[in-house]
Amino acid sequence: MQTVQAIVNGILVGGFYASMAMGFSIVWGVMNIIDLAHGSLIIIGAYVTYELCTHLGVDPLLTIPVAAVALFALGYVLQRYLINRVLQASVFATLILTFGLDRVLVNANLRIFSADIRGITVPYTAAALTIGDLRIPLIRLAVFCVAILSTLALWLFLERTRLGIAIKATSFDPEAARLSGIDPARIYAVTFGIGAALAGIAGALVAAVSTFSPVIGDGLTTRAFVVVVLGGLGSVPGAIAGGMLLGVTENLMASVFPSFSDAAAFALLIVFLVARPRGLFGRRFYADI
Amino acid sequence: MRISSGSLPRLAIVCGVVAVALAVLPRFTGVFVQATLADVFMVGTFAIALNLIAGYGGYPAFGNVVFFGLGAYATGVAQANLHLPFAAGCLAAVLLSTLVAVAVGPLFFRLRGHYFAIGTLGLNGAVAQLVTNLPLAGGAKGLSLPLPAGTPGTIATFFYEVFLAVLVVALAAAVWVDRGRLGYACRALRAGDDVAQSLGVDTLRTKVTLWAVSAALTGLIGAIYAYSVTYIEPPDVFSLGLSVKAFVIMLLGGTASLLGPLVAAFFVEGAVALTQHYFLNYDVGVLGLIVIAAVVFFPRGASAFVRDRFFARRSGAAR
Amino acid sequence: MSLLLEATALRAGYGELEIVHGVDLCVEAGEWVALVGVAGAGKSTLMNAIAGTVPVRGGTLCFAGTELAGRAAHERVGLGIALVPQGRRLFAGMSVEENLVAGGHVRRSRGAVADAAERAYALFPRLRERRGQTVGTLSGGEQQMCAIARALMAGPRLLLIDELSLGLAPIVVDDLLEALERIRRDGTALLVVEQDVDAALRYAARAYVMQLGTIVLAGASHEVRADPRFGASYMGIAG
């Protein structure tokens with residue numbers, strides 16, 4: 001029974017992992033940037049939700065659009081005026097740049113919001129669906145649904161809208177995109193904005209179901225990376241499958257060897273990197289393998 | 001990326017003068033200056049070792065700090081649990097780091113670019129958690145090492161000299177790689193694995209050798225660091241910040257010069273000391289800004305920037 | 001006829017290397033102009049300089065009275081210049097339809113994109129049949145059609161084509177040439193780089209012959225073809 005509960009918990013958290021990883025994945029897939037600040041962007045989203053909930057008493061799930069829009073703006077500006085400047089440089093350069101950015105954001109979060117561990121309680125925190133011994137908290141179920149829906153919305157956006165198609169085109173061949181009248185600098189800014197907006201949504205979800213502080217961003221970035229490797233770069237179904245695989249693995253490990261759940265994630269990462277670097281649903285995007 | 005500081009004799013003279021000057025320096029300075037310089041040597045060595053695999057090999061080993069942590073814990077366990085002398089701890093650190101690099105190398109060199117970078121990141125994370133859960137290593141509580149004997153002054157001088165000696169070894173290793181057969185193999189590698197193989201280079205062996213040398217040096221400074229601070233814990237010695245600092249030093253110092261990384265290490269460590277002194281609650285952010293500025297203004301390295309600015313006519317066709 | 005594109009003493013190249021040394025060239029509205037020359041003559045560099053992917057280093061380049069210097073490639077598409085690049089450069093993992101939608105990025109509305117796609121499909125019915133297919137699965141000729149259709153999606157007044165027939169069967173080239181003639185009759189001027197002299201000059205009103213980065217011969221197609229220097233220049237035999 002404990003195992004079944006661990007699997008269910010893993011699937012629920014896996015949905016959240018998917019939405020978190022999708023933002024990371026689109027930035028990586030389109031611009032070949034590993035965004036080490038992704039975790040900090042998620043945390044900023046979590047604070048947006050936290051502040052709105054505690055000061056204005058808004059339900060955390062209703063703050064999601066605010067977090068998304070705020071983070072989109074932040075991401076757009078960061079890419080347009082900072083990251084675009086080093087896109088032509090090496091893989092290291094962007095990796096180190098986003099690390100530096102992450103440090104700045106972590107420090108800013110610490111100064112603005114303090115290092116205290118925060119959490120939100122909503123009236124329905126304790127409400128849960130029970131099936132036999134199985135217990136599914138309603139808020140976690142809601143978070144799962146929002147996460148999956150936002151991930152699918154991104155997929156629809158990429159497949160069905162002109163802007164989404166322009167983003168895909170730019171990721172395949174930036175120069176041919178310019179010849180089609182597409183401005184890659186703007187597309188990159190929009191793409192990073194979308195990645196950040198998804199981070200904002202993920203942050204709102206973190207705030208809704210668990211506690212957080214400025215320093216947990218690193219762990220979130222690593223998990224986003226693991227999910228992308230498991231699922232395959234740029235793949236939406238991959239992010240969902242990868243998120244659930246990671247969530248279930250972590251929860252099963254935690255129920256057997258509580259202190260090795262991170263190592264399990266890393267082990268899974270390394271196995272996939274070596275045995276199947278394209279992931280479960282990987283396609284050719286931009287990055288080299 | 002070839003080291004190009006003129007002829008070998010002149011290079012030897014310059015290095016000799018610098019080495020002698022640095023060797024006699026402790027006679028005239030206090031504990032603080034020695035400790036700060038020892039830090040510069042440590043980070044400089046880390047950067048030189050990283051440059052071997054990242055610069056020469058072309059493999060961005062973002063998680064190279066894993067060897068630093070392994071070295072620190074190897075010597076920690078050897079000294080604290082097995083009561084072995086410091087030298088034995090250093091030997092254990094070098095052996096363990098080299099062994100790990102040789103063992104995981106063939107697996108990891110199937111990856112490239114970001115995938116390799118993050119693979120090493122994952123290795124670092126996994127090893128850090130294993131160490132955290134190893135009762136022998138003190139777990140999350142950390143591990144205390146025996147205190148070095150002597151007064152604060154003699155201890156500072158001791159670590160200053162040890163780090164300086166390792167730095168010299170690292171520089172020698174860099175020259176050896178650059179001028180020797182390994183350097184030739186690396187240049188062939190950068191033209192592509194196929195090209196290198198057609199020239200008779202055993203590509204995997206070359207890469208593993210490079211990484212092993214890099215790991216040995218990194219493990220060694222990890223061991224010395226552990227003994228110098230006498231207390232280690234996983235978040236400290238497996239900290240990615242150290243890897244990033246080394247990458248920034250590589251960027252600023254350039255990969256083509258011998259003393260460049262040392263000068264860059266001096267500036268970066270100086271900046272770290274100053275920000276910790278003057279911006280106590282903002283030091284992490286200020287460091288982040290320094291990192292961002294380094295990448296934005298010198299995306300291909302400070303030395304390349306200087307070359308492009310001032311010697312564009314001469315070197316323009318080279319790239 | 002009005003002057004659409006005018007290059008005077010145009011110089012262009014990559015980095016330190018100058019490839020196009022002072023070219024004078026013009027294209028009138030609705031005109032078909034051929035650009036021929038041996039490989040390495042600088043034709044592609046000239047085309048890319050007009051499209052904006054290679055920097056102009058000197059001279060002037062005007063399009064419909066607007067100076068093009070300082071305008072990025074994507075802005076030039078908005079002005080009415082579209083290039084079918086050498087090697088076609090289709091968005092490989094995307095479908096034919098998605099490639100066309102990407103090509104119509106400068107259009108104001110979804111409806112305008114749909115109309116443009118409809119006209120492209122009318123011109124190349126084969127593409128309509130394969131609209132959902134990934135472009136990687138198309139034949140060489142179909143890929144070239146798709147590349148031309150993608151460029152047309154922006155509604156250009158000047159269509160630049162770099163290497164029309166490379167690697168294609170003669171019968172496919174005939175089809176493409178006829179399609180281009182229809183495009184021209186609908187009012188789009190053409191500047192076409194082509195290796196095959198017969199194909200290049202069949203419909204073109206005028207032709208330029210390029211050699212070592214300069215124009216060595218220019219005039220009406222039949223005059224160029226009849227010029228004794230044409231064979232020598234074109235074959236790359238000096239004197």
Side-chain angles (χ1 to χ4, degrees), chain A residues 28 32-34 36-37 82-83 85-111 214-215 218-219 221-222 225-226 228-229 233 257-275 277-278 287-289, chain B residues 54-55 58 60 62 104 106-133 139-140 235 240-241 243-248 250-251 279 281-301 304:
Chain A
W28 183 4
N32 206 18
I33 291 174
I34 301 270
L36 294 177
L82 184 65
I83 306 174
R85 301 175 58 134
V86 297
L87 268 189
Q88 305 306 319
S90 69
V91 165
F92 295 145
T94 49
L95 206 61
I96 297 169
L97 179 72
T98 59
F99 181 86
L101 186 61
D102 183 59
R103 296 296 95 182
V104 173
L105 294 179
V106 167
N107 204 159
N109 282 340
L110 281 170
R111 298 321 308 161
V215 296
D218 281 0
T221 306
T222 313
F225 184 85
V226 174
V228 173
V229 170
L233 184 56
F257 305 106
S259 46
F260 286 97
S261 62
D262 278 6
F266 288 127
L268 203 60
L269 169 73
I270 289 170
V271 167
F272 263 76
L273 271 179
V274 173
R278 273 163 201 275
D288 53 344
I289 294 173
Chain B
F62 205 60
V104 301
L107 224 63
F108 274 70
F109 288 121
R110 293 165 65 173
L111 310 170
R112 284 218 67 107
H114 280 331
Y115 288 88
F116 180 83
I118 307 295
T120 62
L121 209 77
L123 179 69
N124 185 52
V127 170
Q129 195 172 35
L130 285 178
V131 168
T132 310
N133 290 288
L240 278 186
S243 274
V244 170
K245 222 192 259 180
F247 268 111
V248 171
M250 267 177 62
L251 269 185
F279 308 99
N281 287 323
Y282 296 91
D283 59 324
V284 175
V286 172
L287 276 179
L289 286 177
I290 293 174
V291 169
I292 291 172
V295 177
V296 169
F297 294 115
F298 312 117
R300 289 189 296 116

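Lettering follows sequence order; numbering is per chain, from 1.
Within the 4.5 angstrom heavy-atom criterion, no atom of B:F116 approaches chain A. Heavy-atom distances place no part of A:L268 under 4.5 Å from chain B, backbone and side chain included. The part of A:L269 that comes within reach of chain B is its side chain, from C-beta onward, which places non-hydrogen atoms under 4.5 angstrom from that chain. Neither the backbone nor the side chain of B:L287 has a heavy atom closer than 4.5 Å to any heavy atom of chain A.
Rounding to the nearest 0.5 Å places CG of A:L233 at 8.5 Å from CG of A:N32. Taking CZ of B:F247 as the reference point, atom CG of B:L240 lies at 10.5 Å (rounded to 0.5 Å). Atom-to-atom distance recorded for A:T94:OG1 and A:L87:CG is 7.5 Å, nearest 0.5 angstrom.
Using a 4.0 Å cut-off between charged nitrogen and carboxylate oxygen, A:D218 and A:R103 count as a salt-bridge pair.
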Per-pair distances, 0.1 Å, donor-acceptor, side chain in residues 117-126 of chain B, under 3.5 Å, sequence neighbours excluded:
residue : atom : partner : partner atom : Å
B:T120  : OG1  : B:F62   : N            : 3.3
B:T120  : OG1  : B:G63   : N            : 2.9
B:T120  : OG1  : B:A117  : O            : 2.6
B:N124  : OD1  : B:V66   : N            : 3.4
B:N124  : ND2  : B:F238  : O            : 3.1

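With chain A as the partner, the residue from B:N281, B:L107, B:V291 showing the most heavy-atom pairs under 4.5 Å is B:N281.
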